[in-house]
There are 2 protein chains.
Amino acid sequence: MARMRTQTYQIQRDFILAKAAALFAQRGYTATSMNEVADACGVSKPALYHYVQDKHDLLVRICERHIARLVQVVEEVEAQGLAPQQRVCVMVQRFVAEYAEAQNEHRVLTEDVKFLETDDQQRVLDGERRVVKAVAQALSELRPELQQAQLVKPLTMLLFGMINWMFTWLRPGGALTHAAVAPMVTDLFFGGIDAIRAAERPAST
Amino acid sequence: MARMRTQTYQIQRDFILAKAAALFAQRGYTATSMNEVADACGVSKPALYHYVQDKHDLLVRICERHIARLVQVVEEVEAQGLAPQQRVCVMVQRFVAEYAEAQNEHRVLTEDVKFLETDDQQRVLDGERRVVKAVAQALSELRPELQQAQLVKPLTMLLFGMINWMFTWLRPGGALTHAAVAPMVTDLFFGGIDAIRAAERPAST
DNA sequence: CCTACCGATCGGTAGG
DNA sequence: CCTACCGATCGGTAGG
């Protein structure tokens, strides 16, 4: 059936995207050859090109799929209608869960986004902005005085720094899990917000 | 004089390392050609090879110089004999200052360290461990109960996450400076530490 | 879907 | 003899 073939095609392509993400995460996009991708997938190079247009297409699909999932998480959590602080806590927990099960894709997204063409890069950055904005919005609702002091953006980015940097030190399979670190991040963050004084806000523009 | 010639040689090489770091940070190590490095430096390729052994040597020197400066910062601050919390605050402030004036090198260190040979990579990672250990040590002194709950390492890495991620969102020349964010980071961190409860510590091994 | 290739460009080095 | 380079091109390999 045509339906079957399409399904098999999708499954095979997802498999290829996962294998490619692993190679890109390990060796970097530029340093990874299409021959290596084909070998890792157990297919010939021409077969590989049956599932992806070119090497760049591979990178675009990996990045777009990952950022799309994060955007979806944001929309799902927003639809829950939670109070601001709880909303941030749930978002952080779910972001970290996504990172945990897509570590290669996360690494590719953070390190190889510079190799995307302008249009593709813009689309990915729009997604990232959407995700950041959701957290910043919740923070503004929780503490309007932070918004007034122009502290929401930097604080939001410090929060993302804590979770986005996790892939560099949190080894998969270790005693410390992503799920265990997520509440540490939000406890640290909300516990510390009060300590940020207005005197330290950036010069007004 | 031989002294003069050596000095000129050093200056020229430092210039090359800075230009190469800028290109590596922008395009990535693998995607940057030695021709591009030579062009950016205004020298011929054979001239470039007079100052560096090969492309790999370029990467090693950039990474080693940057991590060496961070290690030196750690040793200088430790020699000041400050109380633990103040020690961490000064270290963070000085790390951020280093990042601010060596943004390209910092980006290369975080993104291209995977292209180093095993020996060179090990030496760089040793330096990074030395830097992390200095902060973790101060944190253990400040709150021995965190050490007991195995929270020092994760908390230290969350702190580094906040500052190491800054290069992705803090635009040079913007209204918000590295110097302004450093105290925000330490205020947030020390203000939040109390909120980390023992109940959230990772499962003991 | 494979073997066999291409235009181009890579890192590195020859002779002068 | 040394150093500090230049114009030209090497052997191999990348994506396709």
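Because the structure is predicted, anything quoted here is derived from the model rather than measured. In what follows, every chain begins at residue 1, and chains take the letters A, B, ... in the order their sequences are listed.
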Looking at [X] and [Y], does any basic side-chain N land under 4.0 Å from a carboxylate oxygen?
X        : Y        : answer
B:Lys133 : B:Glu78  : no
B:Arg107 : A:Glu111 : no
A:Arg94  : A:Glu76  : yes
B:Arg65  : B:Asp14  : yes

Return the nearest nucleotide to the side chain of [X]; candidates are [options].
X       : options               : result
B:Ala47 : D:dC6, D:dG16, C:dG11 : D:dC6
B:Ser33 : D:dA8, D:dG16, C:dG11 : C:dG11
B:Lys55 : D:dA4, D:dG16, C:dG12 : C:dG12
B:Asn35 : D:dA8, C:dT3, C:dC10  : C:dC10
B:Lys45 : D:dA4, C:dT13, C:dG12 : C:dG12

> Tell me: CE of A:Met34 to C1' of D:dT13, nearest whole Å?
Replying inline: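 A:Met34 atom CE is separated from D:dT13 atom C1' by 16 Å.
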Exercise for review: Send over the distance from B:His50 NE2 to D:dC2 P, rounded to a whole Å.
Suggested key: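 After rounding, the gap between these two atoms is 13 Å.
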Annotated structure of DNA chain C as dot-bracket, pair cut-off 3.5 Å, Watson-Crick or G-U only, | for inter-strand, is ....||.|.||.|.|.
N/O (side chain, B:Tyr51) to phosphate O (OP1/OP2, D:dC5) under 4.0 Å = yes
**Message:** Looking at B:Ser44, I'd like to know whether one of its side-chain N or O atoms comes within less than 4.0 Å of OP1 or OP2 on D:dC6.
**Reply:** yes
Original post:
With sequence neighbours left out, what residues match B:Ser140 under side chain to side chain donor-acceptor pair (under 3.5 Å)?
Top reply: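 Side chain to side chain donor-acceptor pair (under 3.5 Å) list for B:Ser140, sorted by chain: B:Gln147.
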**OP:** Write down the distance separating the C1' atoms in D:dC5 and C:dG15, rounded off to the nearest Å.
**Re:**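 After rounding to an integer number of Å, I get 13 Å for this pair.
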Is it the case that B:Lys55 places NZ or CZ above or below the six-membered ring of B:Phe115, under 6.0 angstrom from the centre and within 45 degrees of the axis?
->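 Judged by the rule (NZ or CZ under 6.0 Å from the ring centre, within 45° of its axis), B:Lys55 is not positioned above B:Phe115.
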